[in-house]
Amino acid sequence: MCGIVGYIGNREAYPIIIKGLQRLEYRGYDSAGVALYDEESKQVQVSKTKGKVADLEKKAAQEISRKGKLGIGHTRWATHGIPNDVNSHPHVSNSGELIIIHNGIIENYDALRKELENRGYTFKSDTDTEVLVNLIEDVKKSENLKLGKAVQVALNQAIGAYAIAVFDETRPNELVVARLGSPLAIGVGEDEYFVASDASPFIEYTNNAIYLEDGEMAIIKREKGVKVRKIKSDSEVEPYVQELQLNLEQIEKNGYDHFMLKEIYEQPDAISDTYRGRMLVDEGIIRMAGVEDNLTKFTNAKRIIIVACGTSWHAGLVAEYLFEDFARIPVEVEYASEFRYRNPVIYPDDVVIAISQSGETADTMAAIKLAKEKGAFVFGVCNVVGSSISRETHAGAYTHAGPEIGVASTKAFTTQITVLSLIALKVAKAKGTITNEQLHMHLQELSLIPEKVTEALKSNEHIELIAEKYKDVANFLYLGRGFNFPVALEGALKLKEISYIHAEGYPAAEMKHGPIALIDEQMPVVVIATKKGHYEKVISNIQEIKSRNGRIIGVVTKGDVAVRELADYVIEVPDTIEAFTPLVTTIPLQLLSYHIALMLGKNVDQPRNLAKSVTVE
């Protein structure tokens, strides 16, 4: 949530900041702003507005000179205070000297605000961020401290989560940043430095980056470089500069109308990249260092607990079937957002698998910390190299999906399932719950999935016609059984996220225990009815819908006849073994959601109220 961009160096900061904010639009936001230090006037210029970065550009052109080689920019996703110009970032201290941008939540802001008001401070906004910048100012002036030390002292009084960038109008040669529970990267150039929520805003300028750890801050100076310190202990930390594996092409649309569509079509390559080097089909070998180094943890586990949110939670539900079917280990799949609040029972011999696309999901991070406190072994599955989850877990595996810019996850889902399939198969082989022949067969079939996904994508034009037919309905129902029940949930989530049509996913057999009351001639029902897995039962469910005049869209195995006779529309997918059907059946559901949202004129890549990386609880 929220996007942070900052620059200090010898170039004009404004175009770098604006382009950086555009790169971070995928994170979700409702307002935007920029602050620049103008060397000629020796003053800070601020422009901010409710709305998009494009609105900010128009407003800034009228309000400020847009000159300066030190600046910060922000896209805000509202927490404290409604989206409006006043609540937008950056925020300025009462003296006008300190300027801040902030991602996260200061939980004790109300108490701090009252204390500052008693000292004579006034506030223009409803935000916790304005409280924080004035707290820093109060510490700086009352204790006669430099900015970096004042930030450190103030943050030790603040409770919550944050990534901040702040500078002092009277010391325009430095920029101070800090993080706790919210990501922050520093791009290192030649006598110039970039700050951002992730590396995408500065990838065209430098391939070198420092990722701050939780509880760290950095003082960045043009000529003296970067000094990193622990916020609590004040101990100095040697910054680790790593070379980025990201490139500009990965974060551009490359001819596609939307990032979501691009990422749907990237799935064959993304799945291949995820298993490349890990899966030796002919030898029947799976190589995953994070699993191999901890194999006894998995094989001795009495239980696996999977924690995740949203689409990652749905991938975890698929993994429940995979681990129980292949490795015969009981699995519980938990919403990370609920996990730590219900006093869960966790044993030292449990394995906890945390799944997150961004690797920064606040709820999942909290669940990881709780599991570690209870002595469980925690394994992470995420996409972003160097993310918080990759550092907090005992071991893990990256999905290698490449950057996912569209807020509604697509390739994250299929690559997470791919990684989890490999882990389940490797553990199953080590436990002896599958034979060499079964392992070889599954690996061979998994190696064919990319071309089967490519084949499934060829239904795009047919799906577009179905979307045209049903784009104006108020409700959708999605049904699936077994491995495809989570796919039904994911299909419904995709439609809700980007078209704002109400949709629900259900196990097909549960339809008659309530949802069947909703069925009439206005209700389209998407039924995943592949020939693998309870096919006859699903046919019975379809007949129940048909007898109540429901509109049926069947996702079927290529060549299916029975469903075609009952359904209003069918979408064919290639045949595969039951465990891997989610990798192909989810494709038409992604495309259906995309086309319906597009036809309704919705912002496909940046749906309202949503954020790509949910870094607050």
Side-chain angles (χ1 to χ4, degrees), residues 26 28 257-265 267 309-315 317-318 357 404 406-414 456-457 459-480 484-508 510-511 515 518-520 522-529 545 550-556 567-571 573 582-612:
Y26 75 92
D257 291 335
H258 299 92
F259 281 111
M260 183 181 180
L261 187 63
K262 172 177 177 272
E263 287 153 12
I264 290 171
Y265 274 86
Q267 286 175 109
C309 300
T311 289
S312 297
W313 186 76
H314 296 154
L317 289 176
V318 176
Q357 188 281 140
E404 189 179 63
V407 167
S409 282
T410 51
K411 62 180 179 175
F413 183 64
T414 49
L457 288 166
S459 296
N460 183 51
E461 290 185 9
H462 176 54
I463 294 167
E464 198 170 352
L465 295 174
I466 299 172
E468 178 66 41
K469 175 73 175 176
Y470 293 111
K471 64 180 173 58
D472 296 316
V473 302
N475 301 281
F476 260 82
L477 190 61
Y478 287 71
L479 302 176
N484 283 297
F485 160 52
V487 176
L489 294 176
E490 175 63 10
L493 178 63
K494 282 291 139 309
L495 189 67
K496 281 185 279 196
E497 284 180 318
I498 62 171
S499 75
Y500 320 144
I501 294 172
H502 175 254
E504 294 297 333
Y506 263 87
E510 281 295 302
M511 180 188 61
L518 299 172
I519 302 295
D520 60 19
Q522 303 300 319
M523 173 70 84
V525 184
V526 179
V527 186
I528 304 164
I545 300 164
R551 306 295 95 190
I552 300 164
I553 303 168
V555 178
V556 302
D568 296 86
Y569 292 93
V570 295
I571 305 168
V573 295
L583 292 166
V584 292
T585 55
T586 195
I587 303 301
L589 306 189
Q590 293 171 354
L591 289 168
L592 181 64
S593 298
Y594 170 80
H595 286 300
I596 288 176
L598 195 62
M599 290 171 185
L600 293 174
K602 307 305 181 186
N603 189 332
V604 174
D605 287 334
Q606 298 165 37
R608 69 186 183 197
N609 302 334
L610 295 179
K612 184 65 179 175

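Just so we're clear, the structure is a prediction, and the values are computed from it rather than from any experiment.
For the pair Ala503 and Ala492, the tightest heavy-atom approach, listed with the atom from each and the gap, is CB-O, 3.7 Å. For the pair Ile571 and Pro588, the tightest heavy-atom approach, listed with the atom from each and the gap, is CG2-CB, 3.6 Å. When all heavy atoms of Pro607 and Tyr500 are compared, the pair lying nearest together is CA-OH, 3.4 Å. Residues Phe259 and Asp605 come closest through the heavy atom pair N-OD2, 2.8 Å. Residues Gly554 and Ala567 come closest through the heavy atom pair N-CB, 4.3 Å.
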Quiz item: What do the steps show when you test Val407 against Glu497 for side-chain contact (heavy atoms from CB on, under 4.5 Å), and what is the final call?
Solution: CA-CA 9 Å; Val407 167; Glu497 284 180 318; 5.7 Å; no
Exercise. Verify side-chain contact (heavy atoms from CB on, under 4.5 Å) between Tyr265 and Leu591, making sure each step is shown before the conclusion.
Key: CA-CA 10 Å; Tyr265 274 86; Leu591 289 168; 4.3 Å; yes
Quiz item: Where do Gln590 and Gln267 land on the side-chain contact (heavy atoms from CB on, under 4.5 Å) test, with the steps shown first?
Solution: CA-CA 11 Å; Gln590 293 171 354; Gln267 286 175 109; 2.8 Å; yes
Practice problem: Test Trp313 against Leu493 for side-chain contact (heavy atoms from CB on, under 4.5 Å), laying out the working first. | Solution: CA-CA 11 Å; Trp313 186 76; Leu493 178 63; over 6 Å; no
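Here the CE atom belonging to Met523 is positioned 9.5 Å from the CZ atom belonging to Phe476, to the nearest 0.5 angstrom. The structure places CG of Leu479 at 10.5 Å from CZ of Phe485, a figure rounded to the nearest 0.5 Å. Of the inter-residue distances, the one linking Glu464 atom CD with Ser459 atom OG reads 12.5 Å to the nearest 0.5 angstrom. Here His462 contributes atom NE2 and Leu465 contributes atom CG; the two are 7.5 Å apart, rounded to the nearest 0.5 Å.
Contact of the Lys494 side chain with the Thr311 side chain is registered, since non-hydrogen atoms from C-beta on lie closer than 4.5 Å. A 4.5 Å side-chain heavy-atom check between Thr410 and Thr586 finds every atom pair outside the cut-off. Between Val573 and Ile587 the shortest side-chain heavy-atom distance does not fall below 4.5 Å. In this structure, Tyr470 and Val526 have side chains that are not in contact, with every pair of non-hydrogen atoms separated by 4.5 Å or more.
In terms of modelled atom types and a separation under 3.5 Å, the side chain of Asn603 and the main chain of Gln606 share a donor-acceptor contact.
Just one residue in the list Asp568, Asn475, Leu477 forms a side chain to side chain contact (heavy atoms under 4.5 Å, CB included) with Val525, and that residue is Leu477.
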Taking distance alone, no hydrogens or angles, what donor-acceptor pairs closer than 3.5 Å link side-chain atoms of residues 592-602 to residues at least two apart or in another chain?
{"unit_1": "Ser593", "atom_1": "OG", "unit_2": "Leu495", "atom_2": "N", "d": "3.2"}
{"unit_1": "Ser593", "atom_1": "OG", "unit_2": "Leu589", "atom_2": "O", "d": "3.1"}
{"unit_1": "Tyr594", "atom_1": "OH", "unit_2": "His258", "atom_2": "ND1", "d": "2.9"}
{"unit_1": "His595", "atom_1": "NE2", "unit_2": "Asn460", "atom_2": "OD1", "d": "2.6"}

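A donor atom on one side chain and an acceptor atom on the other are found under 3.5 Å apart for Glu404 and Ser409. With 3.5 Å as the limit, one finds no donor-acceptor pair spanning the side chains of Ser312 and Gln357.
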